[in-house]
Amino acid sequence: MSHDQTEIKNLFEPRSVAVIGASHNSAKIGYKVLENIVRGGFGGKVYPINPKGGEILGVSVKKGWDEIEGSVDVACTCVPSKFAFEAVKAAADHGTKFNLVITSGFSEVGNIEEEKRLTAYATDHGMRILGPNIFGMYSAAASVDATFGPGGIKAGSVAIITQSGALGLAMIGKTAVENIGISALVSVGNKADIDEADLLSYLVDDPNTRSILMYIEGVRDGHHLVEVLTEVTPKKPVVVIKSGRSARGAMAAASHTGSLAGSDAVFDAIMRQCGVLRAESIEEAFNLCKFLSDTSVPRGENTVIVTNGGGIGVLATDACEKYNVKLFDDHEQLHEVFSKATPDFGSTKNPIDLTGGATSADYWEALKAARDHERIDSVLALYCETAVFDADNLKAMIRENSEQFKQAGKPLLFSVFGGAMSEEAVGSLTKERVPVFGDVYETVACLGGLYSYYRHLKDRSETVDEAEIDVAAIEEVIQGARADRRGFLLAHEGQRLMDAAGIALPASTVARTIDEAVAFAEKAGYPVVLKIVSRDILHKSDAGGVALDLENRDEVVDAYQAIMRSCRERVPDARITGIEVSEMVRAGVELIVGARRDASFGPIVMFGLGGIYVEVMKDVTFRAVPLNRAEAIEMMKEIRAYPLLLGVRGEERKDIPCVVDTIIRLATIIRKCEGISDIEVNPLVVYEQGQGARAVDVRVMLSSAEGGRSHA
Ligand code: COA
């Protein structure tokens with residue numbers, strides 16, 4: 001356990017808690033926090049602090065810190081913002097380890113300086129701040145409810161970290177209704193000091209926590225978050241809901257918490273890279289957390305749908321496609337397993353249709369067959385309410401099969417649809433933590449989440465792939481541009497950088513004679529392009545200085561002579577260096593590959609469909625750096641244009657390994673060359689397998705001297 005983790009243990013497992021501003025007035029937050037601590041069964045020492053002294057809830061009130069012996073693990077600050085600094089200072093001076101600053105009125109309303117002052121004092125005196133602007137925290141490990149929530153939190157296995165206070169408080173109520181037990185609930189508010197990553201470093205090894213839900217509005221130190229999540233997800237599933245998805249949402253989030261919502265596409269892709277499941281709604285997040293904390297990870301991906309209705313079976317099949325749940329399709333095996341439970345007019349193709357006449361006994365039989373079959377890994381059981389079904393047995397059938405599947409380590413999820421009887425069954429079984437839902441899509445979304453997690457566990461690799469690049473040569477290029485007081489590279493500097501990074505550009509040379517031009521063209525291969533090189537001829541085409549698509553030796557000779565003649569005629573005094581001969585870029589698939597330093601996630605790479613419509617298509621994806629080849633391949637599979645790389649309409653497969661290599665090379669540049677802030681190759685034209693790719697255009701921006709991006 002690292003020093004940080006040992007330290008953070010004191011937050012989740014305090015031996016003493018102080019409430020600064022513990023009020024005698026039961027309507028006040030300072031009273032409520034104390035009440036929850038006292039009534040929540042906390043076993044450690046409790047110190048209400050209020051200059052008035054006296055007694056609250058039977059606990060003697062301290063008039064000041066001097067009445068408290070020894071240091072306190074956790075203090076909760078519940079005094080108005082104008083008194084908060086003094087309160088925090090007094091706690092820090094007394095050696096308090098953590099301070100939950102519940103008080104609002106700091107960076108979220110523009111009072112940034114006061115927040116900084118308070119945090120700096122705490123940090124300098126070895127005290128860590130949670131908040132400010134929080135509702136507090138609950139930890140099952142110490143039975144401590146230091147929140148001003150409704151109380152009565154049920155201990156359990158789901159940990160919740162939330163940046164929204166109101167939502168967090170509402171979650172307390174919601175978890176009570178749904179009978180979701182909580183291992184920890186932490187409000188992070190303005191995240192002046194402690195952030196999600198600090199909390200995860202405790203939760204990762206907390207035996208009470210089996211799944212983690214995070215509500216995030218903005219990420220500050222994304223790089224650290226990625227590091228920690230990479231350690232957490234192999235051990236426990238993490239589900240995240242991030243607001244600020246739409247442009248309007250992002251603005252609201254920024255003004256709400258004072259933190260900037262990062263680019264959603266970057267966040268989304270990087271969370272996937274870390275194996276974090278992203279939920280669209282709070283409902284979905286709860287469903288996933290509850291399900292994942294109770295279910296074992298399946299052994300494989302063969303899912304079977306058992307239904308008593310054809311229509312709902314088709315709906316579930318569609319949902320499986322949407323949520324990437326793979327249906328077992330070995331028809332022979334399926335027939336063998338399910339023919340006994342299925343009438344002749346039913347279907348043993350997946351979905352297994354027991355038909356509308358199915359009884360609980362038929363479900364029992366089909367589910368038992370699925371449970372016992374070694375090639376079936378998970379089951380979706382759908383039930384539409386019918387008059388022929390023996391309704392009295394519904395709940396028992398669901399409950400008992402659920403239990404047996406749990407014992408067998410196979411996921412089984414039910415979707416029950418119908419009238420009052422069905423609704424009641426869903427409601428009461430949910431409270432018993434049986435995975436049963438009313439809506440088919442909700443059911444399949446849960447299984448889809450489990451399978452994303454399963455694939456992350458199976459496919460993740462800690463290998464980092466790096467390319468060999470000539471860092472010294474790149475640094476030299478950067479220094480040259482800096483000496484010129486530029487924050488960006490010129491075209492020829494960009495080309496030198498590409499050479500140093502081993503990324504292929506269209507081959508070119510400056511020929512000074514016809515023989516040199518022909519020799520290069522023969523070596524590079526036809527067709528080629530010829531262009532005049534002269535500092536005095538800016539508009540090359542106007543001067544007759546360009547010839548495209550030259551197919552053979554004779555055409556090169558003729559074009560060379562024609563260019564020289566024309567340029568000398570039209571710009572008589574021009575100083576001519578020679579003629580540039582370049583390989584003519586053939587048509588291929590135009591991609592974009594980029595790398596940059598993201599404000600919250602640090603170095604990241606981007607890949608997508610390139611060309612001039614990048615902005616319109618937005619068919620791009622991102623990854624945090626470092627990454628490995630497998631991850632680069634995943635990036636390719638994520639974009640909509642991926643089939644173009646596989647070859648459509650009789651075209652050959654494109655050189656995917658070369659594109660992977662280019663992504664890894666850009667990732668290596670951004671990781672090793674601090675001086676570069678953005679680098680973008682667009683288009684990277686990729687050819688058929690084995691024929692490589694060409695970086696046709698490259699743009700490079702340099703970091704400013706302070707480390708940020710400099711604007712050209
Ligand atoms: N040390 C100890 N106690 C102090 C104190 C100090 N330095 N200064 C004041 N107090 C006492 C007061 O005397 C009072 O006790 P009393 O009621 O017995 O007289 C108590 O602390 C509270 O002070 P008060 O001035 O009554 O404040 P309040 O309760 O109206 O508001 C907050 C305090 C923190 C609740 C309020 O400022 C706030 O920030 N509310 C928003 C909280 C919030 O929404 N957080 C985010 C949730 S997501």
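Ligands are counted one by one from 1 in listed order, and the atoms in each one are counted from 1 as well. Quick note: numbers below take in every heavy atom, side chains included, and nothing from hydrogens, waters or symmetry partners. Please read all numbers here as calculations on a predicted model, not as lab measurements.
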Going by distance alone, is a donor N or O of one side chain under 3.5 Å from an acceptor N or O of the other, for H94 and S71? no

Assess whether a salt bridge exists between K431 and E178, defined as any Lys/Arg side-chain N lying under 4.0 Å from an Asp/Glu carboxylate O. no

Top protein contact for atom 15 (O) of ligand 1, by heavy-atom distance: N50 ND2, 3.0 Å

Looking at ligand 1, is there an atom of it that comes within less than 4.0 Å of some heavy atom belonging to G30? no

Just need the protein heavy atom nearest to atom 43 (C) of ligand 1, so name the residue and atom and give the distance. S104 OG, 3.1 Å

Can you tell me how the ring of F601 sits relative to the ring of F267, calling it parallel under 30°, perpendicular over 60° and tilted otherwise? tilted

If you have a sec, work out which protein heavy atom is nearest atom 48 (S) of ligand 1 and how many Å separate them, to one decimal? G165 CA, 3.2 Å

N/O to N/O below 3.5 Å, does that happen between K28 and ligand 1? yes

Say whether T77, considering both its backbone and side-chain N or O atoms, lies within less than 3.5 Å of an N or O atom on ligand 1. no

Under 3.5 Å, is there a donor-acceptor pair linking the side chains of T209 and S183? yes

So which heavy atom in the protein is nearest atom 9 (C) of ligand 1, and how far is it from that ligand atom? V79 CG1, 3.9 Å

Side chain, backbone, both or neither: which part of K52 comes within less than 4.0 Å of ligand 1 when only heavy atoms are counted? side chain

Heavy atom of F148, distance to ligand 1 below 4.0 Å: yes

Does the side chain of E67 come under 3.5 Å of the side chain of Y47 through a donor N or O and an acceptor N or O? no

What about Y121 and F85, are their ring centers closer than 6.0 Å? yes

Proximal atoms of ligand 1 relative to I49 (non-hydrogen, under 4.0 Å): 2 (C), 3 (N)

Protein contact to atom 17 (O) of ligand 1 [nearest heavy atom, distance to 0.1 Å]: S23 OG, 2.6 Å

Answer yes or no: does atom CD of E462 have more than 12 heavy-atom neighbours from other residues, nucleotides or ligands under 6.0 Å? no

Under 3.5 Å, is there a donor-acceptor pair linking the side chains of T621 and E638? yes

Could you list the atoms of ligand 1 found under 4.0 angstrom from a heavy atom of I20? 1 (N), 2 (C)

Provide the number and element of each atom of ligand 1 under 4.0 Å from a heavy atom of F135. 47 (C), 48 (S)

Hey, is H24 touching ligand 1 through its side chain, its backbone, both or neither, going by heavy atoms under 4.0 Å? both

Who's the nearest protein heavy-atom neighbour of atom 21 (O) of ligand 1, and how far? G21 CA, 3.1 Å

At a non-hydrogen distance cut-off of under 4.0 Å, which region of F106 contacts ligand 1 (side chain, backbone, both, or neither)? neither

Does the N or O separation between I102 and ligand 1 drop below 3.5 Å for any pair? yes

Among I212, V240, I270, whose side chain to side chain contact (heavy atoms under 4.5 Å, CB included) with V276 holds? V240

Would you mind checking which non-hydrogen protein atom is closest to atom 40 (N) of ligand 1, with the distance to 0.1 Å? I29 CD1, 4.3 Å

R220 bridged to D195 by N-O distance under 4.0 Å: no

Please verify whether a non-hydrogen atom of C78 lies at under 4.0 Å from ligand 1. yes

For P51, the ligand 1 atoms whose distance to one of its heavy atoms is below 4.0 Å: 2 (C), 3 (N), 4 (C)

Among protein heavy atoms, which sits nearest to atom 31 (O) of ligand 1, and what does the distance come to when rounded to 0.1 Å? P80 CG, 4.3 Å

Would you please test S378 and Y451 for side-chain hydrogen bond (donor to acceptor under 3.5 Å, both in side chains) and show each step? CA-CA 10 Å; S378 58; Y451 272 119; 2.9 Å; yes

Could you verify whether a donor N or O on one side chain and an acceptor N or O on the other, from K395 and S428, lie under 3.5 Å apart? yes

Quiz question: by atom type and distance under 3.5 Å, do the side chains of T77 and N99 form a donor-acceptor pair? yes

